[in-house]
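Okay, so here's the structure we're looking at.
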Amino acid sequence: MRLVARLFMLVLGLALAIPAGGLALLVGILLEPAASELLATWGVAMVDAIFAEAARGGAPELLVGSVALGLWTLCATLLVAPPTLVALVGETVGTRAMAWYGGACGLLTALVPWAMRPRGSVAALAGLEGRLTALLFLAGAVVGLVYWLVSGRSAGRPPQPLPPAWDGSSPGLR
């Protein structure tokens, strides 16, 4: 029965934490000038590609579908995979540490783009990449901390009650 309850708490925690991380990422993108510029440049390029496809007589709806699928995959990779992995490890190990859920989830989220790079492209962590990595870390940390608030504090086995303190007044213990 405890396994079913923990599984329910895991799903509930993730269901509440993932949208919170998405909101944190959206707010961060809107507040960070480099991320806003990157998003605007990407948006203009996508609109240009859609109109170019339509002008060639192609099927722009296929391009729109591909872009939507790519965005869905990116969001799932950044906002679903790291907290799910951290939550499963935290539940298995039984850790209740806030630092585990927030830190590990933030670190995994920030490392996802670095891990997905082609092998030959190693760029210095400076400027735009550094700020975007920090933004991803903060969004991942928000996901992890919300999960910890909902489910992580009660992960693992419940703590055993401490034995009563002996003060010498009990006649049976002398």
Side-chain angles (χ1 to χ4, degrees), residues 1-40 42-43 67-119 121-165:
M1 186 65 178
R2 175 149 169 79
L3 178 66
V4 173
R6 288 308 313 159
L7 186 61
F8 174 75
M9 289 301 292
L10 183 130
V11 171
L12 177 67
L14 288 174
L16 294 174
I18 291 168
L23 183 63
L25 185 61
L26 179 66
V27 168
I29 287 172
L30 293 176
L31 293 178
E32 170 60 42
S36 297
E37 182 180 333
L38 180 67
L39 186 64
W42 181 80
V67 169
L69 181 63
L71 280 174
W72 177 258
T73 304
L74 177 68
C75 288
T77 304
L78 288 175
L79 295 173
V80 177
T84 302
L85 179 65
V86 168
L88 288 173
V89 170
E91 289 290 333
T92 302
V93 173
T95 184
R96 296 177 180 212
M98 176 178 61
W100 163 253
Y101 291 102
C105 193
L107 185 64
L108 280 178
T109 304
L111 289 178
V112 165
W114 291 93
M116 294 174 60
R117 285 177 168 231
R119 291 202 182 257
S121 67
V122 178
L125 178 63
L128 176 64
E129 289 181 346
R131 293 194 307 249
L132 291 178
T133 301
L135 176 64
L136 289 174
F137 176 82
L138 290 175
V142 166
V143 173
L145 292 175
V146 170
Y147 177 82
W148 175 79
L149 283 172
V150 174
S151 300
R153 293 183 300 169
S154 61
R157 297 197 180 278
Q160 299 297 325
L162 295 174

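Since this is a predicted model, take the numbers as computed values, not measurements.
Taking CD of Glu32 as the reference point, atom CG of Leu38 lies at 10.5 Å (rounded to 0.5 Å). With rounding to the nearest 0.5 angstrom, the CG atom of Leu79 is 8.5 Å from the CG atom of Leu136. To the nearest 0.5 Å, atom CG of residue Leu26 and atom CG of residue Leu39 are 9.0 Å apart. In this structure, CG on Leu145 lies 10.5 Å from CG on Leu138, to the nearest 0.5 angstrom. Atom-to-atom distance recorded for Trp42:CH2 and Glu37:CD is 16.0 Å, nearest 0.5 angstrom. Atom CG of Leu107 and atom CG of Leu111 lie 4.5 Å apart (nearest 0.5 Å).
Side chains of Val143 and Thr109 form no contact here, defined as non-hydrogen atoms less than 4.5 Å apart. The shortest distance between side-chain heavy atoms of Thr133 and Pro113 does not fall below 4.5 Å. No side-chain heavy atom of Val112 sits less than 4.5 Å from a side-chain heavy atom of Leu108. A heavy-atom distance below 4.5 Å is not found between the side chains of Leu16 and Leu149.
Of the residues listed (Pro19, Pro83, Ser151), the one engaging Leu14 in a side-chain contact (heavy atoms from CB on, under 4.5 Å) is Pro83, and it is the only one.
In this structure, Ser36 and Ile29 approach most closely via the heavy-atom pair OG-O, 2.6 Å. The heavy-atom pair separating Val146 from Ala20 by the smallest distance is CG2-CB, 3.9 Å. Across all their heavy atoms, Arg96 and Trp148 have their closest contact at O-NE1, 2.9 Å.
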Would you tabulate the side-chain donor-acceptor contacts of residues 97-106 under 3.5 Å, counting partners in other chains and residues two or more places apart, or write 'none'?
from   : atom 1 : to    : atom 2 : distance (Å)
Trp100 : NE1    : Val86 : O      : 3.4
Tyr101 : OH     : Thr95 : O      : 3.1

